[in-house]
Amino acid sequence: MADAATPLTILYFAWLRERTGTSQECVTLPADVRTVGALIAWLAERSPGHASAFANRRTVRCAVNQDFADPATPVGPGDEVAFFPPVTGG
Amino acid sequence: MADAATPLTILYFAWLRERTGTSQECVTLPADVRTVGALIAWLAERSPGHASAFANRRTVRCAVNQDFADPATPVGPGDEVAFFPPVTGG
Amino acid sequence: MARISVQTEDFDIGAEFAALTAGRTDIGGIGCFVGTVRASAQDRVAAMTLEHYPAMTERAIARIVEEAERRWELLGCTVIHRVGRLTAGENIVLVLAAASHRQPALDATAFLIDWLKTKAPFWKKEEFADGAATWVEARAADDAAAARW
Amino acid sequence: MARISVQTEDFDIGAEFAALTAGRTDIGGIGCFVGTVRASAQDRVAAMTLEHYPAMTERAIARIVEEAERRWELLGCTVIHRVGRLTAGENIVLVLAAASHRQPALDATAFLIDWLKTKAPFWKKEEFADGAATWVEARAADDAAAARW
């Protein structure tokens with residue numbers, strides 16, 4: 001298993017990518033950030049762009065390690081966490 | 001309009017064609033045969049093959065002048081009347 | 001507007017899609033169904049012969065297409081039905097329905113094939129591997145499918 | 001068994017049908033849906049860019065296909081979704097589902113496109129004739145369509 005210092009990879013797609021100004025960033029989590037919900041609250045503090053991306057959480061979807069996730073899904077060191085709007089393909 | 005002596009064209013498809021032994025015949029109707037139902041009763045008398053073709057009328061379908069018809073549909077001189085089983089295309 | 005054909009030769013699915021959509025930018029979805037001669041392990045159908053009523057067939061199909069056009073806003077429609085002798089694996093029928101969105105395209109496709117199966121004058125005679133041949137009987141399930149609409 | 005592809009280049013509908021059915025005599029029907037870039041008179045969409053989540057996309061589609069295979073006895077299945085910039089009239093997505101009879105083929109086709117629209121990580125950004133560009137918003141109707149199944 002990854003130790004606590006191993007970073008998470010955060011990916012952003014569509015307008016979350018545009019608002020945060022990044023498609024990918026690596027972060028090392030504080031010990032008290034253990035769920036998607038807590039991660040969002042923590043990321044929203046990083047910049048005005050992040051705050052804007054996460055302003056309306058009802059329009060933000062998430063996947064942890066390429067599986068759809070929800071605010072209660074656990075996250076930890078080494079995970080790949082992606083944030084994006086509701087999907088619109090097809 | 002066609003006069004009373006003008007024949008009808010009768011067409012048979014699928015197993016009605018096989019049982020009657022004909023794909024097409026021209027007939028001149030008696031004056032009292034004025035509907036598909038009466039025509040079937042009259043045609044069934046023409047040969048054992050015809051009798052066999054019309055033995056189970058629930059399995060016989062009809063079109064008059066290329067429109068689906070039923071036993072009450074009028075028929076008259078000059079009409080094209082087709083008999084066939086329930087359709088099975090597609 | 002619809003393309004309707006009753007023919008002995010096979011159809012080219014890609015070419016029919018291309019013809020239906022050429023130069024169009026108003027189409028959002030195309031539904032399609034292709035029916036083929038099936039030779040299941042049990043009944044071992046080797047071939048079938050499709051008979052039809054030539055004077056009536058295209059007209060009957062045109063009426064089915066008109067009914068679809070009344071029910072959905074279609075931007076194009078293709079129905080091709082083969083006749084004559086077809087061997088296992090061959091194409092029998094092609095239905096295409098184009099619309100601005102997927103739901104009418106898919107619904108119209110299902111409607112067209114359901115109604116073709118019960119309201120167009122085609123009859124199938126199946127030939128089995130042992131040489132027997134029988135006329136296919138109409139299925140109650142097909143009548144029920146057609147009556148849904 | 002299913003063929004799944006996420007690609008920038010266009011697909012060849014006829015070739016995909018041929019690949020799905022080649023050498024098969026157990027198939028009775030193939031359902032198909034093709035989605036295209038629509039430029040309606042009102043919104044004048046000139047093009048769209050499809051973004052996706054590469055590490056997740058094919059896996060998400062594979063799960064949707066597995067769900068379809070659990071629900072219907074499919075004899076083959078193809079899902080091709082394009083990404084990148086597509087102009088009005090271009091193909092976006094192809095779904096094919098083959099079965100022994102038409103109803104499972106048509107139902108699986110509708111299911112696959114409904115679930116692709118709501119459960120696969122693609123996002124569309126539309127470009128308008130006046131130069132504006134906006135991310136397409138998810139439609140409640142699409143969620144309702146996906147929830148039917």
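Lettering of chains follows the sequences in order, A, B, ..., and the numbering in each one begins at 1.
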For residues 26-37 of chain C, please give each side-chain donor-acceptor pair under 3.5 Å, one per line with the distance, not counting sequence neighbours.
from   : atom 1 : to     : atom 2 : distance (Å)
D26(C) : OD1    : R24(C) : NE     : 2.9
D26(C) : OD2    : R24(C) : NH2    : 3.1
T36(C) : OG1    : I27(D) : O      : 2.7

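- Under a cut-off of 6.0 angstrom, the local environment of CD in Q7(C) is crowded, with over 12 non-hydrogen atoms contributed by other residues, nucleotides or ligands.
- No more than 12 heavy atoms of other residues, nucleotides or ligands lie within 6.0 Å of CD in E137(C), so this atom counts as exposed by the packing criterion.
- The backbone N or O of A14(B) sits less than 3.5 Å from a side-chain atom of E51(C), completing a donor-acceptor pair.
- The interface of residues 23-60 of chain B with chain C, defined by heavy-atom distances below 4.5 Å, is empty.
- The contact list for residues 83-90 of chain B toward chain C, using heavy atoms and a distance under 4.5 Å, reads F84(B), P85(B), P86(B), V87(B), T88(B), G89(B), G90(B) by residue number.
- Each of R61(B), E18(B), E80(B) has some count of heavy-atom pairs under 4.5 Å with chain C, and the biggest count is that of E18(B).
- Among the residues in residues 109-124 of chain C, those with a non-hydrogen atom closer than 4.5 angstrom to a non-hydrogen atom of chain B are I113(C), K117(C), T118(C), K119(C), A120(C), P121(C), F122(C), W123(C), K124(C).
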Inset, instruction - List the steps, then state whether side chain to side chain contact (heavy atoms under 4.5 Å, CB included) holds for K125(C) with W15(B). - result: CA-CA 9 Å; K125(C) 188 172 198 174; W15(B) 53 255; over 6 Å; no
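- Of the two parts of R17(B), only the side chain, counted from C-beta on, holds a non-hydrogen atom closer than 4.5 Å to a non-hydrogen atom of chain C.
- Per-residue counts of heavy-atom pairs under 4.5 Å with chain B were compared for M48(C), H81(C), M56(C); the largest is that of M56(C).
- Contact of R63(C) with chain B is made through the side chain alone, with heavy-atom distances under 4.5 Å.
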